[in-house]
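Everything numeric in this text was worked out from a predicted model, so none of it was measured. Counting convention: from 1, in listed order, for ligands and their atoms alike.
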Amino acid sequence: MIIDVHYHLIPVLPESMIDYVVKDPIRAAKIIGKKVNFEEIKASAPKFYIDRKGRKLLKRMDEYGIDFTVILGVDDARNEEITPDLVQLQNKMIADVANKNPNRLMALAGVDPRRPEALDILKTCIEDFGMKGLKYHTDYGYDPAGPESYELLEYLEEKNGILLAHTGPMYPPSRNKFADPMMLTDIGVDFPDLRVIAAHMGQINWRSWASLAALQPNLYGDLAMWAPIALSKPKLFCRELRTIIDYVGIEKVLYASDGPIFDMIIPSIDFIDFLKRLPENGYGYEFSQQEIDAILGENAEKLLNLTNK
Ligand SMILES: [Zn+2]
């Protein structure tokens with residue numbers, strides 16, 4: 001079973017966000033040594049990314065053998081183009097796609113807690129749209145454990161929702177102090193029952209995530225954005241992954257693609273295949289079949305309570 005816990009379903013893409021969205025895939029191209037043209041990537045981005053009904057997503061899941069995907073929206077209160085109405089329209093469109101495919105998809109709402117109406121937006125997403133949790137992009141400049149956020153987290157814990165919070169440095173204008181995994185420590189104290197997935201496990205700052213995930217029972221991490229390192233520097237990746245598993249415990253590590261953001265450069269199937277081959281070839285490190293099965297799907301199956309679906 002393969003479960004992807006972090007996929008951006010993009011029903012609308014404001015013009016002003018395109019440059020920002022393509023920056024990371026272009027960096028990924030650099031890491032894996034693939035030559036790309038910025039203007040060409042930019043020009044093809046809307047067609048590649050925008051997926052109003054989730055058709056591209058479902059086709060990709062069938063092609064890649066992905067059984068279940070957690071889809072999410074992203075909100076950024078700094079961007080004036082993203083009005084509360086647009087946020088809610090985006091969340092509703094994402095929820096509709098998930099509700100049409102409940103055996104294959106689950107949706108998390110993108111809500112920036114700095115919005116005065118954030119709690120109302122989240123309540124509508126959970127109670128009216130049937131969404132299952134919340135996605136934070138804290139690098140946009142807010143503390144996931146700040147006072148505005150706490151209102152939302154209290155509600156989310158009460159509703160048994162999931163928080164997927166971005167961690168790890170990104171290009172400016174990301175304010176990366178807020179993306180330090182250590183920002184999640186208060187949440188583990190004040191909302192001990194809230195399931196939290198640290199997107200990217202903090203990436204290069206994974207040790208900060210690992211130090212918490214080893215101790216906070218409900219803190220998990222996903223492997224989104226690790227594909228470029230895995231595919232270009234497999235030995236380094238295997239060393240890091242082995243250390244993470246040994247330090248934190250296998251049950252905390254979840255596969256995620258961050259699709260479709262990087263697929264233009266690195267199709268997600270390449271990373272899935274890479275992970276599947278690790279029991280045969282761990283580049284000097286050992287990985288059991290059980291461990292890879294746990295990462296690719298079994299851990300997420302338990303975390304998301306999918307067994308009875
Ligand atoms: Zn992401």
Side-chain angles (χ1 to χ4, degrees), residues 3-14 17-29 31 45 48-51 54 56-57 60-61 64 66 68-76 78-79 82 87 90-91 94 97-98 105-112 131-142 144 162-171 173-176 178-181 183-184 196-206 209 220-230 253-268 271-272 300 304:
I3 299 175
D4 180 355
V5 299
H6 177 166
Y7 182 95
H8 297 263
L9 189 76
I10 305 176
V12 281
L13 183 61
M17 285 192 72
I18 293 177
D19 272 23
Y20 185 72
V21 170
V22 301
K23 259 186 180 174
D24 291 302
I26 285 173
R27 178 163 174 260
I31 294 172
F48 191 86
Y49 289 136
I50 297 171
D51 188 14
K56 287 175 193 162
L57 163 66
R60 169 188 186 273
M61 287 172 69
Y64 294 176
I66 297 172
F68 196 90
T69 299
V70 178
I71 57 177
L72 40 104
V74 172
D75 181 18
D76 181 359
R78 296 170 308 179
N79 186 335
I82 307 175
V87 173
Q90 178 196 230
N91 283 325
I94 294 169
V97 173
L105 305 174
M106 175 185 284
L108 308 183
V111 186
D112 188 323
M131 297 177 105
K132 307 292 184 208
L134 176 63
K135 162 76 179 176
Y136 272 174
H137 241 294
T138 56
D139 55 301
Y140 293 168
Y142 57 87
I162 294 168
L163 173 69
L164 179 69
H166 175 86
T167 57
M170 303 278 278
Y171 277 113
S174 281
R175 297 186 185 272
N176 289 315
F178 296 111
D180 189 313
M183 300 300 276
L184 302 174
V196 180
I197 303 172
H200 321 292
M201 304 190 298
Q203 266 263 311
I204 186 83
N205 295 328
W206 64 263
W209 167 79
Y220 295 77
D222 81 35
L223 283 169
M225 255 165 63
W226 283 77
I229 294 292
V253 184
L254 311 169
Y255 166 73
S257 71
D258 219 349
I261 306 294
F262 293 91
D263 284 79
M264 258 201 280
I265 306 295
I266 305 170
S268 298
F271 187 39
I272 293 173
L304 304 174

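Nearest N/O/S atom of Asp258 relative to the Zn ion (ligand 1): this is OD1.
Here the side chains of Met131 and Leu108 are not in contact, with every heavy-atom distance at 4.5 Å or above.
Among the atoms of His6, an N, O or S atom falls under 2.8 Å from the Zn ion (ligand 1). Counting backbone and side-chain atoms alike, His8 contributes an N/O/S atom closer than 2.8 Å to the Zn ion (ligand 1).
Within 6.0 Å of CD1 in Ile204 there are 12 or fewer heavy atoms belonging to other residues, nucleotides or ligands. Atom CZ of Arg78 has more than 12 heavy atoms from other residues, nucleotides or ligands within 6.0 Å.
The distance from the CZ atom of Arg60 to the CG atom of Asp263 is 4.5 Å, given to the nearest 0.5 Å.
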